Amino acid sequence: MKVFSTSLCIFLSFSLIVLTCVPGCKSLPKDYSDYVLVDPHITPEAKALFVNLDQIRHDHILFGHQNTLAYGVHWKESPSSRSDVKDITGSYPAVYGWDIGKIELGSNENLDKLDFNDIRKWIREAYERGGIITISWHMDNPATGGNTWDVEDNQDTVARILPGGDLHSQYKEWLNRFALFAHSLKAYPGTDNEHIIPIVFRPFHEHTGDWFWWGADYCSPDEFKRLWQFTVEYLRDEKEVHNLLWALSPSTIDSVEQYLERYPGDDYVDILGIDDYKSYREPYDINTAVERISIIVKLAEERGKIPALTETGYEAIPDPNWWTDTLLAVLNQDAVTRRIAWLLVWRNANEGIDKPNHYYAPYPGHPSEASFLAFYDHSLILFEDDLPDMYKLPRR
Ligand code: BMA
């Protein structure tokens, strides 16, 4: 009986390997050398993450949530492993977003008062469970000393931090602090398997808007591109940060030309994202949402990059059917929209000590709970509990 079970197991495992590998692996060289990333010295785990995201996006879209482990609308325990998403579905999200605004100042807490040691711990625990980590950076304004939204009377911060500018060495100091943080993100510390956790890094997000100091009103396309390129080269080549996939995420672009106007170049971007909230809230503009996703899918696939809806959501989700009738309706629109790798909704601010009604995922008892569960159950959508190993190159 035991012998029979063992052979059956071997047979089933073998069949599973064959079944799961054939469709995605046929056209790929064994070493995946056709995947060219921004960093030629990328860590093996980060490269595997890129390859797996590129494979999985043909069948699934991953669900992500900002700050999911830090707090929920009705709870705050520090640090905790709870999540409003898990309270409803039983699973954590597949993608975890964090923000490191204020790390540039050497602060112990980020701009939302999360302790950086807690953020490190949450990043590690999610990664060791198989989740994917993405980091944005609401960086303070180095010219004014104000915060990331300080754009008044300030047209030239980007020019001043570029090489040759009077604030360039200060900017490098800020990047040095980021490099220390990136190097400190260790998985399985103290074991043979210790390594640095891969990060989808999303600096200078929404650069086509006018609300951050790096926005389109405050620098020329050329200055923005040079800022991005300098940042990549400095972190990669000088500071030897090799665990980053570089994600660009403009907001509200409506054409290929607009996307490319401030695009830093294929050598500097791994992930072509977009942040789009407006078309997903009432009055809905499903056509625009679909069109924007189609633009990034087209641009990414022409370049061997990965498309993603790097931020979206409907604040407080006032529509009980939003997850299925709006979000899923867009994502599942056609064969093109289905090919983005993930979407991420923004944070669930705690209603007692943070901004009330500033949340983007439901909590138990929220009117959109049933729609969220249907979204979770849909075969297109993956949460963490359905993820394959994203950090090993797929077998052939
Ligand atoms: C914004 C809001 C802010 C927050 C910032 C960074 O969109 O949620 O309250 O400080 O993101 O998380």
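Starting from 1, each residue takes its place in the sequence as its number. No experiment lies behind these values; they were computed from the predicted model shown. One-based numbering, in listed order, for ligands and for the atoms of each.
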(Q) Over 60° means perpendicular and under 30° means parallel, so tell me whether Trp122 and Trp98 are parallel, tilted or perpendicular. (A) parallel
Q) Any Lys/Arg nitrogen of Glu311 or Arg202 sitting under 4.0 Å from an Asp/Glu carboxylate oxygen of the other? A) yes
Q. Lys355 heavy atoms, cut-off 4.0 Å: which ligand 1 atoms fall inside?
A. 2 (C), 3 (C), 9 (O)
Q.
Do the side chains of Arg338 and Asp334 get close enough for a salt bridge, i.e. N-O under 4.0 angstrom?
A. no
Q | Nearest protein heavy atom with distance in Å, relative to atom 8 (O) of ligand 1 | A | His358 NE2, 2.6 Å
Q. Where is the nearest protein heavy atom to atom 6 (C) of ligand 1: which residue, which atom, and how far?
A. Asp112 OD2, 3.3 Å
Q | Matching residue for Asn141 among Asp150, Thr157, Thr148 - test: side-chain hydrogen bond (donor to acceptor under 3.5 Å, both in side chains) | A | Thr157
Q: Check whether any side-chain heavy atom of Val232 lies under 4.5 Å from a side-chain heavy atom of Val38, and answer yes or no.
A: yes
**Q.** Nitrogen or oxygen of Trp149 less than 3.5 angstrom from that of ligand 1
**A.** no
Q. Please state which protein non-hydrogen atom is closest to atom 7 (O) of ligand 1 and give its distance, to 0.1 Å?
A. Trp346 NE1, 3.2 Å
